[in-house]
Amino acid sequence: MLAQAHWPGVELLLCKEDIRQRTLWAIDEPRHTVIVHLGGSMRELDTEIDGVGATHMPPSPGDI
């Protein structure tokens with residue numbers, strides 16, 4: 001984690017992760033999460049939301 005901030009009803013965490021190797025994120029929180037891809041190439045992006053899995057085109061830098 002690079003930085004953290006709090007406002008009434010809002011929490012912001014700024015994190016950085018090296019995704020050159022296979023990476024698994026498990027976000028199981030009762031809150032919204034926004035992930036912004038800032039750079040580098042990805043071969044594959046698989047997601048599962050509410051038990052439904054999907055494969056998407058890998059994000060381009062700047063995609064949210």
Side-chain angles (χ1 to χ4, degrees):
M1 183 170 32
L2 301 174
Q4 184 174 5
H6 297 273
W7 296 275
V10 177
E11 178 183 15
L12 173 69
L13 302 174
L14 178 61
C15 303
K16 181 178 181 179
E17 186 164 355
D18 182 351
I19 60 169
R20 288 179 284 185
Q21 300 296 320
R22 184 173 176 87
T23 303
L24 175 64
W25 296 318
I27 302 168
D28 188 22
E29 298 286 335
R31 58 185 174 192
H32 297 287
T33 301
V34 177
I35 299 171
V36 180
H37 178 62
L38 297 177
S41 62
M42 294 177 72
R43 291 186 302 261
E44 185 177 306
L45 175 63
D46 298 322
T47 62
E48 182 179 311
I49 299 174
D50 293 332
V52 178
T55 298
H56 304 276
M57 294 295 296
S60 297
D63 282 355
I64 298 174

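Positions are given from 1, in the same order as the sequence printed here.
Side chains of L2 and C15 form no contact here, defined as non-hydrogen atoms less than 4.5 Å apart. Proximity of I19 to W25: side-chain heavy atoms (C-beta onward) are separated by under 4.5 Å at one or more points.
Partners of V52 under the side chain to side chain contact (heavy atoms under 4.5 Å, CB included) rule, at least two apart in sequence or in another chain, do not exist in this structure. Take V10 and apply the side chain to side chain contact (heavy atoms under 4.5 Å, CB included) test, not counting sequence neighbours, and it matches W7. Residues meeting the side-chain hydrogen bond (donor to acceptor under 3.5 Å, both in side chains) test with S60, sequence neighbours left out: none. Considering only residues two or more places apart in sequence or on other chains, L24 meets the side chain to side chain contact (heavy atoms under 4.5 Å, CB included) condition with none of them. Taking T33 as the reference, nothing meets the side-chain hydrogen bond (donor to acceptor under 3.5 Å, both in side chains) condition, with sequence neighbours excluded. The salt bridge (charged side-chain N to carboxylate O under 4.0 Å, His left out) test applied to E11 returns R31, not counting sequence neighbours. Taking the salt bridge (charged side-chain N to carboxylate O under 4.0 Å, His left out) definition, one finds that D18 meets it with R20, sequence neighbours left out. In this structure H6 satisfies the side-chain hydrogen bond (donor to acceptor under 3.5 Å, both in side chains) test together with Q4, sequence neighbours excluded. A search for side chain to side chain contact (heavy atoms under 4.5 Å, CB included) contacts involving A3 returns L14, not counting sequence neighbours. Remark: R22 pairs with no residue by the salt bridge (charged side-chain N to carboxylate O under 4.0 Å, His left out) rule, at least two apart or across chains.
Pairing each heavy atom of E44 with each of P58, the nearest pair is N-CG, 3.9 Å. In plain terms, the two heavy atoms of T23 and Q21 that are nearest each other are OG1-O, 2.9 Å.
To the nearest 0.5 Å, atom CD1 of residue I27 and atom NE2 of residue H32 are 13.0 Å apart.
Residue I35 is grouped with residue L45 when hydrophobic side chains (ILVMFWY) are merged at heavy-atom distances under 4.5 angstrom, including chains of intermediate members.
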